[in-house]
Each structure stands twice: as structure tokens, then as C-alpha cells.
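Note that the structure is predicted; figures quoted are calculated from it, not measured. Just so it is clear, the values below take in all heavy atoms, side chains as well, and ignore hydrogens, waters and symmetry mates.
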Amino acid sequence: MTDILRIAVPLTAWLAAFSAVYGLQGLVCSPRWAEAGFDLAAGRAAMTAAWIAAAILQVAFLLALRSPRFASRSAFVRGVSLTLAVVALVATLWTLVPVVTTSACL
């Protein structure tokens, strides 16, 4: 069971971060964000903070999966989980970078 978690958690975390950051972008671009008293700079700061937190979480998963404490005893599971952790880190960096580099609301 824990081997399945080792394999699935990084990509699941990427999916959750993707949904959260783009959901936050939808909130920032809605009239409710301005009604709450925030401006676009605060929205961009919140999205940037969420992106950085997601990247840090992915790096933590990668480092944890490499450590002897959390690594699997199976070489196959260890290889697959590390590969998927790297894929999740790259996906986090690549798919969420538009929220910090492009205009927040088109």
C-alpha cells in the first residue's frame, strides 16, 4: 500500500496544486476579489506564493523519496516513484509558470 502512495502522491499533489492555483486565478479575476478589497497585485502575490509552495512541496517529495527512511525496498518502485516525482516537479514548474509570468486576467 505504501508503495502505491510513493508512486501516486507527487502527481496527485501536482494535480491539486494545478487546480488550486488556476482556481485562485479565477477568483482573482472575478469581481468578488475587488469587492473583498484586494487589487491585482495582491492576487498576483497570492498566485506566486501558491506556485512557490507547490514547487517546494514537490522538491520535498523528491528529497523524501530519495531518503532511506521513505524510499521503497523495491528497486522498481523506487525508480518509478523517483521518476514520477521528477515529472511532477517539472509539471509544477512548467504548467504553473504562466500565472506568474503573464497577465493575470485577460
Side-chain angles (χ1 to χ4, degrees):
M1 182 66 178
T2 55
D3 284 342
I4 293 173
L5 288 175
R6 286 181 181 102
I7 291 172
V9 166
L11 285 177
T12 304
W14 165 75
L15 180 63
F18 184 88
S19 300
V21 169
Y22 282 106
L24 180 61
Q25 184 182 24
L27 178 65
V28 166
C29 295
S30 74
R32 292 183 182 185
W33 187 261
E35 290 172 4
F38 299 114
D39 59 356
L40 282 178
R44 182 170 297 279
M47 289 187 295
T48 302
W51 178 62
I52 290 171
I56 290 171
L57 182 66
Q58 292 295 340
V59 170
F61 283 144
L62 185 60
L63 293 176
L65 288 171
R66 290 186 56 148
S67 73
R69 182 174 179 194
F70 294 107
S72 174
R73 292 183 183 149
S74 166
F76 176 75
V77 171
R78 190 173 40 251
V80 169
S81 64
L82 285 173
T83 301
L84 292 179
V86 170
V87 168
L89 175 61
V90 171
T92 298
L93 295 174
W94 183 253
T95 61
L96 298 181
V97 75
V99 297
V100 296
T101 58
T102 61
S103 62
C105 304
L106 298 176

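L57 and V87 fall into different hydrophobic clusters, where Ile, Leu, Val, Met, Phe, Trp and Tyr side chains are chained together by heavy-atom contacts under 4.5 Å. There is no path of hydrophobic side-chain contacts, each under 4.5 Å, that joins V59 to V9. Criterion: ILVMFWY side-chain heavy atoms under 4.5 Å apart, direct or through other members. Under it, L82 and L63 are part of a common hydrophobic cluster. No continuous path of ILVMFWY side-chain contacts below 4.5 Å connects V86 to V80, so the two sit in separate hydrophobic clusters.
Scanning all heavy atoms of the two residues, the minimum distance from G43 to V28 falls at CA-CG2, 3.6 Å. Heavy-atom minimum distance, P10 versus A85: CB-CA, 3.8 Å. Across Q58 and A13, no two heavy atoms sit closer than the pair NE2-CB, 3.5 Å.
The CD1 atom of I52 sits 10.5 Å away from the CG atom of L93 when rounded to the nearest 0.5 Å. Taken to the nearest 0.5 Å, the CG atom of L96 stands 11.0 Å off from the OG1 atom of T48. Interatomic distance, L84 CG to L65 CG, rounded to the nearest 0.5 Å: 9.5 Å. Atom CE of residue M47 and atom CG of residue L27 lie 10.0 Å apart, to the nearest 0.5 angstrom.
Applying the ring pair (Phe, Tyr, Trp, His ring centres under 6.0 Å) rule to pairs touching residues 53-86 yields nothing, sequence neighbours excluded. Residue pairs meeting the side-chain hydrogen bond (donor to acceptor under 3.5 Å, both in side chains) criterion with at least one member in residues 72-87, sequence neighbours excluded: D3-S72. Residue pairs meeting the ring pair (Phe, Tyr, Trp, His ring centres under 6.0 Å) criterion with at least one partner in residues 35-59, sequence neighbours excluded, are W33-F38. Sorted by first then second residue, the side-chain hydrogen bond (donor to acceptor under 3.5 Å, both in side chains) pairs that include residues 91-100, not counting sequence neighbours, are W14-T95.
Qualifying side chain to side chain donor-acceptor pair (under 3.5 Å) partners for T12, counting only residues two or more places apart in sequence or in other chains: none.
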Side-chain polar contacts of residues 97-106 - donor-acceptor pairs under 3.5 angstrom, sequence neighbours left out - could you list them?
residue: T101; atom: OG1; partner: V97; partner atom: O; Å: 3.0
residue: T102; atom: OG1; partner: P98; partner atom: O; Å: 2.5

